[in-house]
Amino acid sequence: MSMNGWSLLLGAGAAAAAGEYGIASYFFRRTMLRQKATTKRTMDMAGTNWDLYMSKLKKMKEWMLKQEREDVYITSGDGLKLHGTYFPGQGGKKLVLCFHGYTSKGMSDYIGLSNYYLPRGYQMLLVDERAHGDSEGTYIGFGCLDREDAFLWIKYVEERFGSDCEIWLHGTSMGASTVLMTSGLKLPLQVKGIVSDCAFTSAWDVFEHVLKDQYHLPAYPILKISDSMCRKKAGYGLRQLSASEEVKKAKVPILFIHGDADTFVPCRMCYEIYENCASKKNMLIIHGAGHVEAFYKEQALYEQKLTEFLETAGEAEESVIREGSTGDAEASVTGEGSTGDAVPV
């Protein structure tokens with residue numbers, strides 16, 4: 001090949017590399033930087049039609065905002081001031097620590113569930129995860145950084161309400177991945193169980209899905225470059241933690257919830273995490289529900305299974321519950337030592 005040929009080839013290669021770096025840099029900024037990641041874009045990408053539930057949400061929000069509440073704060077391990085909203089409810093010793101989804105905040109994601117938990121005697125602490133809501137932070141943690149913050153929130157609750165308090169973790173989307181990643185830590189005995197609604201396996205996995213499904217782009221080399229940027233600027237890697245790996249160390253019971261029509265975080269991720277979970281577990285799959293839509297689409301069923309889980313603390317047989325298109329629910333017993341036979345709910 002002539003020198004001109006080599007020059008053209010090298011020039012084309014350099015241009016391609018520069019283009020890939022530019023795409024990765026754009027993806028990193030739009031995804032990881034607080035000021036670039038917007039709620040509207042996330043809602044558009046998730047695809048759930050919230051107009052169907054606006055009337056219900058409005059009434060629930062009005063009730064929620066009438067309840068007594070308090071702004072509370074902790075400091076993260078890297079010095080960020082983190083905010084939460086505490087609802088004392090009817091008092092008592094039971095408290096639910098709630099973690100919201102990507103680009104959201106605690107007071108937005110738990111409107112419906114506040115109407116469930118507070119009247120049933122649970123206190124609630126709605127966390128604003130780092131780089132969200134009224135918490136400080138520049139880079140979004142995607143569970144990798146947030147699980148350390150979650151552990152500090154657990155310690156805050158334990159210290160404030162005493163060693164005889166009963167703590168439950170409830171997470172939605174990114175918050176669900178956060179609480180599942182937290183399950184791999186050595187948790188205090190006060191933590192009684194975890195509820196995960198629409199969790200992704202890892203930041204890398206969900207980004208790979210979004211790139212392919214919504215942008216029609218290959219993961220490589222974009223994610224490899226973005227991962228390097230994330231490690232350098234945000235302090236963690238996109239594969240640093242995986243919910244499906246952390247639940248292998250879980251000791252507390254976990255209720256997994258997902259919609260089988262979720263195109264943003266595909267339901268297969270829920271199945272993968274469930275299969276890997278080492279602790280007692282239940283799964284609720286809502287037919288036709290999109291991303292974080294399960295509660296609103298099938299509220300009665302969601303509340304029924306949540307109540308059963310909370311009351312038994314995961315002591316019942318492990319089961320997978322699937323709400324079929326006919327409206328009939330059935331459970332199949334799974335897990336070590338089970339027969340796999342279908343049994344009625």
Worksheet item: Are Ile167 and Leu82 co-members of a hydrophobic cluster defined by side-chain heavy atoms under 4.5 Å apart?
Response: yes
Worksheet item: Hey, does the side chain of Ser25 reach the backbone of Tyr21 with a donor-acceptor pair shorter than 3.5 angstrom?
Response: no
Fill in: Validation row: Phe27, Met32 side chains within 4.5 angstrom (heavy atoms)
no
Worksheet item: Is there a side-chain contact between Leu97 and Val179 (heavy atoms, below 4.5 Å)?
Response: no
Discussion item. Between Gln67 and Ser114, do the side chains contain a donor N or O and an acceptor N or O under 3.5 Å apart?
Written reply: no
Practice prompt. Please test Ile257 against Leu255 for side chain to side chain contact (heavy atoms under 4.5 Å, CB included), starting from the C-alpha separation and ending with a verdict.
Written response: CA-CA 7 Å; Ile257 303 170; Leu255 173 61; 4.0 Å; yes
Fill in: Connected via hydrophobic side-chain network under 4.5 Å: Val265 and Trp204
yes
Discussion item. Once salt bridge (charged side-chain N to carboxylate O under 4.0 Å, His left out) is applied, do any residues pair with Asp78, and if so which ones, sequence neighbours excluded?
Written reply: Arg130
Worksheet entry | Glu62/Lys59 salt bridge by N-O under 4.0 Å criterion | no
Discussion item. Test your reading of the model: is there a side-chain donor-acceptor pair from Arg120 to the backbone of Thr307, 3.5 Å cut-off?
Written reply: no
Practice prompt. Examine the side chains of Gln299 and Tyr116 and answer whether a donor and an acceptor come within less than 3.5 Å of each other.
Written response: no
Worksheet item: Which atom names give the shortest non-hydrogen contact between Ser183 and Glu246, and what distance separates them?
Response: OG-O, 3.9 Å
Worksheet entry | Shortest non-hydrogen separation from Tyr122 to Val96 and the atoms involved | CD2-CG2, 3.7 Å
Item to complete: Please report the shortest heavy-atom distance between Tyr102 and Thr31, naming the atom on each side.
Response: OH-O, 2.8 Å
Worksheet item: CG/Asp227 to CG/Leu238 distance, rounded to the nearest 0.5 angstrom?
Response: 4.5 Å
Worksheet item: How about Ser244 and Glu272: does a side-chain donor come under 3.5 Å of a side-chain acceptor?
Response: yes
Item to complete: Return the minimal non-hydrogen interatomic distance between His291 and Ser173, and the atom names on each side.
Response: NE2-OG, 2.8 Å
Fill in: Ser108 and His100: side chain donor to acceptor below 3.5 Å
no
Item to complete: Give the cluster check for Leu152 versus Met181: same hydrophobic cluster or not, with ILVMFWY residues linked at side-chain heavy-atom distances below 4.5 Å.
Response: no
Item to complete: Keeping to residues at least two apart or across chains, list the salt bridge (Lys or Arg N to Asp or Glu O under 4.0 Å) pairs with something in residues 85-112.
Response: Lys93-Asp164
Worksheet item: Regarding Lys281 and the six-membered ring of Phe256, is the cationic atom NZ or CZ under 6.0 Å from the ring centre and inside 45° of its axis?
Response: no
Worksheet entry | Among Leu180, Val247, Ile194, side chain to side chain contact (heavy atoms under 4.5 Å, CB included) partner for Cys277 | Val247
Practice prompt. Please name the pair of heavy atoms, one in Thr103 and one in His132, separated by the smallest distance, quoted to 0.1 Å.
Written response: N-NE2, 2.9 Å
Fill in: Shared hydrophobic cluster, Leu223 / Leu241 (ILVMFWY, side-chain heavy atoms < 4.5 Å)
no
Item to complete: Would you check if Leu113 and Cys98 make a side-chain contact, meaning some heavy-atom pair closer than 4.5 Å?
Response: no
Item to complete: Given side chain to side chain contact (heavy atoms under 4.5 Å, CB included), test Glu293 with Tyr53 step by step and report yes or no.
Response: CA-CA 10 Å; Glu293 188 185 7; Tyr53 310 108; 2.5 Å; yes
Worksheet entry | Residue pair Lys251 / Ser279, side-chain heavy-atom distance below 4.5 Å | no
Worksheet entry | Backbone N/O of Ser163 and side chain of Gln190: donor-acceptor pair under 3.5 Å | yes
Item to complete: Check whether any side-chain heavy atom of Leu95 lies under 4.5 Å from a side-chain heavy atom of Cys165, and answer yes or no.
Response: no
Worksheet entry | Set of salt bridge (charged side-chain N to carboxylate O under 4.0 Å, His left out) partners for Arg268, sequence neighbours left out | none
Response to the item:
Which of Tyr220, Phe142, Phe200 passes ring pair (Phe, Tyr, Trp, His ring centres under 6.0 Å) with Phe207? Answer is Phe142
Worksheet item: Can you find a pair of side-chain heavy atoms, one from Met64 and one from Leu126, that are under 4.5 Å apart?
Response: yes
Worksheet entry | Main-chain N/O of Ala199 paired with Ser177 side-chain donor or acceptor, under 3.5 Å | no
Discussion item. What I want to check is whether the side chains of Tyr117 and His170 have a donor and an acceptor closer together than 3.5 Å.
Written reply: yes
Worksheet entry | Qualifying residue for side chain to side chain contact (heavy atoms under 4.5 Å, CB included) with Tyr296, from Leu52, Ile286, Leu57 | Leu57
Worksheet item: With hydrophobic residues grouped by side-chain heavy-atom distances under 4.5 Å, do Leu65 and Ile111 end up in a single group?
Response: yes
Worksheet item: Should Val210 and Phe264 be marked as a side chain to side chain contact (heavy atoms under 4.5 Å, CB included) after you check the CA-CA gap, both sets of side-chain angles, and the distance that decides it?
Response: CA-CA 7 Å; Val210 168; Phe264 194 46; 4.0 Å; yes
Worksheet item: Considering all heavy atoms of both residues, which atom of Met107 and which atom of Arg69 are nearest to each other, and what is their separation?
Response: CE-NE, 3.9 Å
Fill in: Min side-chain heavy-atom separation Asp197-Tyr302 under 4.5 Å
yes
Worksheet entry | pair Tyr26-Ser226: side-chain heavy atoms closer than 4.5 Å | no
Worksheet item: Should the pair Tyr86 and Phe161 be assigned to parallel (<30°), tilted (30 to 60°) or perpendicular (>60°) ring geometry?
Response: tilted
